[in-house]
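Written below as structure tokens is the structure these notes are about.
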There are 2 protein chains.
Amino acid sequence: MLKLDDRDIEILRVLADNGRITKAQLAERVGLSASPCWERLRRLEEEGIIEGYKATINLRKLGPNVTVFVVAELNDHTPASFQAFEASMQRFDEVTACWALGGGLDYLMQVVTTDIDAYQRLMDAMLEARIGLARYFTYIVTKPVKPFTLPPLRLIHGRDGAE
Amino acid sequence: MLKLDDRDIEILRVLADNGRITKAQLAERVGLSASPCWERLRRLEEEGIIEGYKATINLRKLGPNVTVFVVAELNDHTPASFQAFEASMQRFDEVTACWALGGGLDYLMQVVTTDIDAYQRLMDAMLEARIGLARYFTYIVTKPVKPFTLPPLRLIHGRDGAE
DNA sequence: CTTGAAACAAAAGAGAA
DNA sequence: TTCTCTTTTGTTTCAAG
């Protein structure tokens with residue numbers, strides 16, 4: 001298990017909020033000077049705890065669009081079916097995220113399209129593409145209430161079982 | 001509406017993938033030299049199309065944790081109830097994202113806790129906190145199938161209605 | 001859009017607290 | 001360990017063509 005102290009956690013928190021902060025500013029914010037802070041950051045990146053850095057794009061400023069969450073059930077639940085469905089998820093660009101759910105039969109997809117019509121056409125295309133999709137339930141997003149935030153890292157870290 | 005050309009879109013795509021790329025490398029990747037690329041980037045940031053930059057943290061390396069999606073229904077559907085519930089969502093740190101859904105009565109929450117027990121305790125706490133939560137449905141994530149990706153920007157951009 | 005110069009930041013190391 | 005200080009190298013920013 002990787003040992004992280006409060007300062008490492010603080011580095012993660014600052015970078016999760018501002019991924020382009022300079023290393024000098026980062027050091028100041030976590031109460032270290034540049035060199036030790038830089039060492040810790042290098043380690044966090046090397047260990048893969050920091051996976052990368054991403055710009056956050058405001059899709060609403062680009063044009064009209066709609067986000068839909070879809071709970072999907074498959075026709076059958078063989079390993080091959082799961083694999084085929086999961087591979088399809090990678091190919092549909094409108095599927096912006098996907099998770100497998102407990103119960104062994106369901107998936108949750110996040111889908112972004114220009115409008116509800118385009119969403120329907122996408123789902124029709126999925127049904128026709130014979131990727132194993134049997135039924136699905138649609139949750140249309142009307143408003144983002146809370147943008148992605150980090151969970152409380154101190155809870156998740158500092159217990160047995162981590163790699 | 002903001003006019004973006006293919007190079008602007010390409011800048012967004014590169015930065016959504018690698019938010020800490022240097023400006024010189026970014027320019028090279030999109031086929032511009034440093035100064036014009038820098039001008040475009042400055043504009044995208046100023047317009048708020050680029051909202052910010054975030055480090056991506058691999059939670060699994062920090063310790064055991066479970067992600068749960070929760071579809072929630074409220075007791076009543078007055079504007080005040082919505083407001084109260086949405087304010088609560090900001091306060092629960094384990095709620096890592098939240099969206100309001102169509103139908104005017106439902107929310108989808110993404111929750112991250114250490115284990116299913118902690119998830120149950122959180123939901124019990126929400127029920128007891130009288131934040132207006134009536135019923136909820138639990139979807140436990142067993143596997144991330146597709147991490148967040150950008151939707152096809154060319155579809156969303158380049159039509160009427162954008163700001 | 002290009003060049004290029006000045007200001008600034010990153011990276012790595014030496015040695016002291 | 002962490003800190004400060006220094007040097008080299010690379011990056012950002014912006015003015016001028």
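Quick caveat, the model's predicted, so the values are computed rather than measured. Hydrogens, waters and symmetry mates play no part in the numbers below; they use all other heavy atoms, side chains included. We name chains A, B, ... by the order of the sequence lines, and we start the count at 1 in each one.
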*For A:Glu46, what residues pass the salt bridge (Lys or Arg N to Asp or Glu O under 4.0 Å) criterion, not counting sequence neighbours?*
A:Arg42
*Grab the CG-P distance between A:Leu41 and C:dA9 for me, whole Å please.*
16 Å
*Apply side chain to side chain donor-acceptor pair (under 3.5 Å) to B:Ser35 and list each qualifying residue two or more places apart in sequence or on a separate chain.*
none
*Using side chain to side chain donor-acceptor pair (under 3.5 Å) as the criterion, list what pairs up with B:Glu28, not counting sequence neighbours.*
none
*Not counting sequence neighbours, which residues clear side chain to side chain donor-acceptor pair (under 3.5 Å) with A:Asn65? List them please.*
none
_In this structure, how many angstroms lie between the C1' atom of C:dA12 and the CZ atom of A:Arg40, rounded?_
18 Å
*Going 5' to 3' along nucleotides 3-15 of chain D, which nucleotides have protein heavy atoms under 4.0 Å from the base (write B), which only from the sugar-phosphate (write S), and which from neither (write -)?*
SBB-----SSSBB
*Not counting sequence neighbours, which residues clear side chain to side chain donor-acceptor pair (under 3.5 Å) with A:Asp93? List them please.*
none
